[in-house]
Each structure stands twice: as structure tokens, then as C-alpha cells.
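Read the numbers this way: they start at 1 and go in the same order the structure lists the ligands and their atoms. Note that the structure is predicted; figures quoted are calculated from it, not measured. What you see below is based on every heavy atom in this structure, not just the backbone, and it leaves out hydrogens, waters and symmetry mates.
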Amino acid sequence: MIIFKPTLSPAEFDATARALNRFMGGSVEYDVRHASDPRAAENVRMGGQLLRALRSEGPLRIDTTGFLMPELGTPLDQLRREGRGAIGIGLTNEPLFAARNGVEQEELGVGLYRRGAIVSVAGLRRRFGFDRRTGRCERDADVAMRALELAVCHELGHVLIESYGRSGKNPVEEAHCPYSSCLMQENSGLGDFVERIVRRGFGFCRECTQRIGMELGLLRPA
Ligand SMILES: [Zn+2]
Ligand SMILES: [Zn+2]
């Protein structure tokens with residue numbers, strides 16, 4: 001797993017590192033690279049698309065059907081064989097917009113099964129009064145950083161869990177966990193995520209933990 005670090009503050013960077021350090025009990029190795037590093041996308045699935053998104057200026061508008069598509073339809077097996085199996089999670093301070101139920105709205109993050117994820121700190125910075133000089137949030141800084149940590153875990157969950165639905169028809173619509181005390185449950189946006197999930201300190205439920213572990217097991221080199 002690789003983090004692309006654009007203009008994050010040290011506190012934001014630490015929150016992201018905490019998310020990865022605790023992911024699956026620390027059994028996941030990860031590497032950190034800056035988006036301007038020419039080797040940043042090396043070994044990373046859909047890395048070229050992730051880099052283009054992170055290097056662009058201004059708000060990111062994401063069409064979740066086309067976001068982080070495998071390059072030229074390359075199957076994931078092939079990407080893995082070619083050593084491009086690392087999952088990329090991008091961090092940006094630009095606002096992120098995605099269509100939800102046909103309506104575009106600002107999101108904390110977007111993550112898609114077997115592709116990759118992007119998390120934006122823009123909404124958290126606004127909500128918690130980020131001060132550029134100190135690089136810290138003025139209000140409830142602990143809650144803000146905890147929200148970032150859990151948002152990274154949630155979006156990685158989407159990359160690693162296919163669907164909770166039985167129909168298997170639309171993984172994007174059935175991407176959330178039905179358990180009401182799980183980090184992967186549906187939320188209606190940043191405020192809801194913070195108040196209902198972050199403040200209660202929810203983590204992955206047992207089923208999500210198992211699904212993620214299975215997917216990571218599949219991804220280990222043979
Ligand atoms: Zn989600
Ligand atoms: Zn769950």
C-alpha cells in the first residue's frame with residue numbers, strides 16, 4: 001500500500017500512517033511517496049490515473065463508474081503478475097466531488113473495489129477550522145484526525161470488499177455493511193460520518209475483518 005502525500009500537514013500525515021499501521025493489526029506493509037515523485041506510481045494499480053488526479057489543481061470531480069479503471073482494460077491478474085499489485089490510496093487537500101444517487105456532492109473519500117481510493121482533507125479542514133500556519137485544526141483537533149484515520153480505513157475497506165449484496169448486480173450500490181456498529185456502514189456525508197461513526201469510535205465488524213483478510217490473502221505473491 002502506498003500513500004501519495006500532496007500538501008498534507010504533519011498531523012494529517014500521522015493520522016493516515018496510524019490508519020495503515022493499525023490496518024489488519026499492522027500486518028500490511030506500505031510505502032509512502034509524494035505525488036511529485038516520478039516513481040510514485042511504480043507497482044501501483046491504476047497508478048497513472050491516481051497520479052493524474054492528485055497532480056491536478058482545483059476540485060476533483062469523480063465519476064465513480066470510470067474512476068481508476070484498469071489501464072486499457074488490463075485484467076487485475078495481469079497487473080499482479082507484472083508487479084503492479086500494490087493498492088494506491090491518494091490523499092489530497094483539494095475538495096472531492098462524486099455523484100451519489102445521481103446528485104453530485106462533496107465526499108471525504110472514494111474507494112472502489114480492486115482499484116484504489118482517494119481521500120480528501122478539504123471538508124475536515126473546513127469543519128474543524130484548519131490553521132495553515134500551525135498545520136492544525138483549531139476545534140476538536142483529535143476528532144478531526146480520528147475522522148481522517150477512519151476515513152482512510154473505510155475507503156481501503158471499499159477497495160478490499162466487493163459487495164454486501166446477495167444479487168451481485170451492483171457492487172457500488174451494495175458496498176456498505178449492514179451492521180449498525182461497523183465502520184463500513186453507509187453514511188450520508190462528512191457530518192454524519194463524524195457524528196455517528198467517528199465519535200463512537202466504530203471499527204470493522206467481524207465479517208468485514210474476515211472479508212478484508214481474505215482479499216489481502218489473495219493478493220499475496222504466490
Ligand atoms: Zn463508503
Ligand atoms: Zn462490517
side-chain contact (heavy atoms from CB on, under 4.5 Å) for Met46 and Arg114? Distances and angles first, verdict last. CA-CA 10 Å; Met46 289 104 216; Arg114 290 195 170 171; over 6 Å; no
By side chain to side chain contact (heavy atoms under 4.5 Å, CB included), which residues pair with Arg125, not counting sequence neighbours? Glu12, Asn93, Val121, Phe130, Arg132
Using a strict cut-off of 2.8 Å, how many protein N/O/S atoms surround the Zn ion (ligand 2)? 4
Give the C-alpha distance, both sets of side-chain angles, the deciding distance and a yes or no for side chain to side chain donor-acceptor pair (under 3.5 Å) between Arg115 and Gln49. CA-CA 10 Å; Arg115 299 187 203 166; Gln49 294 171 59; over 6 Å; no
In chain order, what residues pass the side-chain hydrogen bond (donor to acceptor under 3.5 Å, both in side chains) check against Arg139, with sequence neighbours excluded?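 Result, side-chain hydrogen bond (donor to acceptor under 3.5 Å, both in side chains) vs Arg139: none returned.
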Residues in salt bridge (Lys or Arg N to Asp or Glu O under 4.0 Å) with Asp31, at least two apart?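 Checked Asp31 against salt bridge (Lys or Arg N to Asp or Glu O under 4.0 Å); matches are Arg33.
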With side-chain contact (heavy atoms from CB on, under 4.5 Å) as the test, pick out the partner of Leu68 among Ile62, Leu112, Val110, Leu50.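 The passing option is Leu50.
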Residue His154 atom name (nearest to the Zn ion (ligand 1); N/O/S): NE2
